[in-house]
Amino acid sequence: MTSARERLSLASNWHVDCRLVAELPEDSVVGIRFITYAVSCAIALAAVLFTGWYTYADLSLRHQIEDAAQHLEDDRWEVIEIRRLQRFYENEAKKIESASSEMKNPLLLSGFIAELGRSLPERMVIDSIELTEGQFVVRGRMREASERASRLIGSFLDKLRNDPEVGPHFGPINVTSLDRSPEDEQVMVYSITLHLKPRTQ
């Protein structure tokens with residue numbers, strides 16, 4: 001009897017095996033699936049971060065471009081205003097220089113014009129007298145042939161240079177143009193420039 005009971009006695013670590021081995025997944029499959037999910041999540045997160053950073057950089061660059069364009073637009077109007085002021089000051093400076101030149105050379109304009117009329121040959125006509133930057137520009141016409149017109153103007157310039165009321169006030173007195181009129185071939189048009197001398201103190 002004793003031997004039969006000994007055979008029927010159970011060990012202390014005995015238990016009922018309830019595992020369904022056929023239905024359980026294998027350990028290796030679970031590990032690969034977890035790694036796949038982890039890698040996919042990491043790639044997705046990296047893509048989201050990269051897209052976010054790229055969007056931020058793009059928006060920041062667009063904002064910087066808009067700011068730069070706005071600064072350029074503001075600066076453009078400032079440059080336009082500066083150039084306008086420069087032209088204004090240049091014109092005013094020319095007026096001041098012209099007035100200064102007239103003050104340094106006390107030439108009585110009415111007397112100068114009278115001397116021009118007195119010295120002018122009969123067939124010469126003065127159309128305009130212009131004072132610009134310390135010089136007189138006399139423009140006119142004459143009904144003469146080219147050679148005759150050249151001689152008349154040369155004689156007229158000699159009279160002006162030797163005239164005591166005109167010559168001492170001017171430096172060079174030259175013919176700057178002598179051409180045939182496009183409107184009438186028998187008429188010569190001329191331009192004479194008289195440079196004022198600055199008054200010596």
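Met142 and Ile129 fall within the same hydrophobic cluster, defined by Ile, Leu, Val, Met, Phe, Trp and Tyr side-chain heavy atoms under 4.5 Å apart, directly or through other members. Connection of Leu194 to Ile126 is established within a shared hydrophobic cluster, with ILVMFWY side chains joined at heavy-atom distances below 4.5 Å, either directly or through further cluster members. Hydrophobic clustering of Ile, Leu, Val, Met, Phe, Trp and Tyr side chains at less than 4.5 Å, counting indirect connections, keeps Val187 apart from Leu120. Under a hydrophobic-cluster definition in which Ile, Leu, Val, Met, Phe, Trp and Tyr are linked whenever side-chain heavy atoms come within less than 4.5 Å, directly or via other members, Val175 and Met124 are assigned to the same cluster.
In this structure, Asp163 contributes its side chain and Lys159 its backbone to no donor-acceptor pair below 3.5 Å. Distance alone, capped at 3.5 Å, places no donor-acceptor pair between the Arg143 side chain and the Met188 backbone. A donor-acceptor pair is defined here as one N or O able to donate and one able to accept, closer than 3.5 Å; such a pair exists between the side chain of Thr51 and the backbone of Ala47.
Residue-environment remark: CZ (Arg76) exceeds the threshold of 12 foreign heavy atoms within 6.0 Å. Counted within 6.0 Å of CD on Glu73, heavy atoms from surrounding residues, nucleotides or ligands total more than 12; the atom is thus considered enclosed.
Closest heavy-atom contact between Thr176 and Thr193: CG2-OG1, 2.9 Å. Between Arg141 and Tyr190, the shortest heavy-atom contact is N-CE2, 3.2 Å.
Using a 4.0 Å cut-off between a side-chain N of Lys or Arg and a carboxylate O of Asp or Glu, Glu90 and Arg87 do not qualify as a salt bridge.
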**Item:** Criterion salt bridge (charged side-chain N to carboxylate O under 4.0 Å, His left out) on Arg84 and Glu81, from CA distance to verdict
**Value:** CA-CA 5 Å; Arg84 186 190 69 80; Glu81 180 64 16; 2.7 Å; yes
**Message:** Go through it in stages, so that I can follow the logic: the residues are Gln70 and Asp67, the test is side chain to side chain contact (heavy atoms under 4.5 Å, CB included), and I'd like the CA-CA distance, side-chain angles, deciding distance and then a yes or no.
**Reply:** CA-CA 5 Å; Gln70 185 63 39; Asp67 287 345; 5.6 Å; no
**Item:** CA sep, side-chain torsions, deciding dist, call: Arg139, Val189, side chain to side chain contact (heavy atoms under 4.5 Å, CB included)
**Value:** CA-CA 8 Å; Arg139 294 183 178 88; Val189 293; over 6 Å; no
**Item:** Worked check of side chain to side chain contact (heavy atoms under 4.5 Å, CB included) between Val137 and Ser191
**Value:** CA-CA 7 Å; Val137 180; Ser191 176; 3.6 Å; yes
**Message:** Could you go through Arg180 and Ser146, starting from their C-alpha distance and side-chain angles, then the distance that decides it, and tell me whether this counts as side-chain hydrogen bond (donor to acceptor under 3.5 Å, both in side chains)?
**Reply:** CA-CA 8 Å; Arg180 214 163 267 291; Ser146 300; 3.0 Å; yes
**Stepwise side chain to side chain contact (heavy atoms under 4.5 Å, CB included) test for Ile192 and Ile173** = CA-CA 7 Å; Ile192 300 172; Ile173 302 176; 4.2 Å; yes
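Atom NZ of Lys94 sits about 11.5 Å away from atom CD of Glu92, to the nearest 0.5 Å. The structure places CH2 of Trp77 at 14.0 Å from CD1 of Ile82, a figure rounded to the nearest 0.5 Å. Atoms CD1 and CD, from Ile80 and Glu78 in turn, are 10.5 Å apart once rounded to the nearest 0.5 Å. Within the model, atoms CD of Glu144 and CD1 of Ile153 stand 10.5 Å from one another, a figure rounded to the nearest 0.5 Å. One finds the OG atom of Ser155 at 9.5 Å from the CG atom of Leu160 (value rounded to the nearest 0.5 Å).
Tyr56 has its side chain out of reach of Asp58: every pair of non-hydrogen atoms, C-beta onward, lies at least 4.5 Å apart.
With hydrogens and angles left out, the side-chain atoms of His71 and Asp75 include no donor and acceptor closer than 3.5 Å.
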